[in-house]
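Presented below is the structure to which this report refers.
Because only heavy atoms are used, hydrogens play no part in the values below, and waters and symmetry mates are left out as well, while side chains stay in. Just so you know, residue 1 is the first one in the sequence shown, and it goes up from there. Everything quoted here is computed from the prediction, not taken from an experiment.
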Amino acid sequence: HEIALEERPGYDKDHVRMRCALGGPVGSRTLGPRELGSARLRRLVCVEGVAVKVSSVKPKMVRSVHYCPATRSHEARSYVDATAMELGLPVVDSSGREMPDKVVQLTSSSWPTQDKEGNALETEFG
């Protein structure tokens with residue numbers, strides 16, 4: 001964020017969160033898996049190596065949407081686990097603004113069946 005602000009002053013007039021994609025070489029040099037350490041946490045690094053053992057990818061729930069027939073409203077829920085990139089970072093509100101006083105925490109993996117008033121919820125698929 002700070003780099004983008006430096007390169008293009010005024011790009012963030014509405015405090016909208018920006019995403020970018022990178023291509024080409026990353027970092028000053030490539031690392032081997034054994035060179036990865038805690039000093040490189042939350043930093044973009046290029047790792048080179050041969051995969052000798054892999055496991056199947058297990059899908060995980062990131063967001064669910066539920067419908068309440070009684071109130072005719074939808075309720076969305078986001079799930080954060082230990083592998084989430086945003087864990088420990090400031091919460092971002094619906095308009096894309098960071099809320100520095102709140103930090104993203106782990107969430108429960110339980111599936112909601114009722115809203116706050118006790119009305120039954122139906123899960124939306126698709």
Distance check, rounded to the nearest 0.5 Å: T30 atom OG1 versus E35 atom CD?
7.5 Å

Nearest heavy-atom approach of A82 to L106 is N-CD2, 3.4 Å

Here the gap from Y67 atom OH to E124 atom CD, rounded to the nearest 0.5 Å, amounts to 8.5 Å

Tell me the salt bridge (Lys or Arg N to Asp or Glu O under 4.0 Å) pairs involving residues 60-78, sequence neighbours left out?
K60-D81

Any chance the side chains of S109 and Y79 put a donor and an acceptor closer than 3.5 Å?
no

Contact summary for A120 and P69, nearest pair of heavy atoms
O-CD, 3.6 Å

Between V104 and P90, the two heavy atoms sitting closest are CG2-O, 4.1 Å

Looking only at heavy atoms, which two atoms of L87 and Q105 are closest? And how far apart?
CD1-C, 3.8 Å

Apply side chain to side chain contact (heavy atoms under 4.5 Å, CB included) to residues T71 and N119 and explain how you reach the verdict.
CA-CA 8 Å; T71 60; N119 299 315; 3.6 Å; yes

Interatomic distance, CD@E117 vs SG@C68, rounded to 0.5 Å, equals 8.0 Å

Of all the heavy-atom pairs spanning W111 and S64, show the shortest one and how long it is.
CH2-CB, 4.1 Å

Exam field: side chain T107 to backbone V80, donor-acceptor pair closer than 3.5 Å:
yes

Please examine the side chains of L36 and L31, heavy atoms only from C-beta on, and report whether any two atoms are closer than 4.5 Å.
yes

Check H74 against V65 and note the closest heavy-atom contact, atom names and distance.
CD2-CG1, 4.0 Å

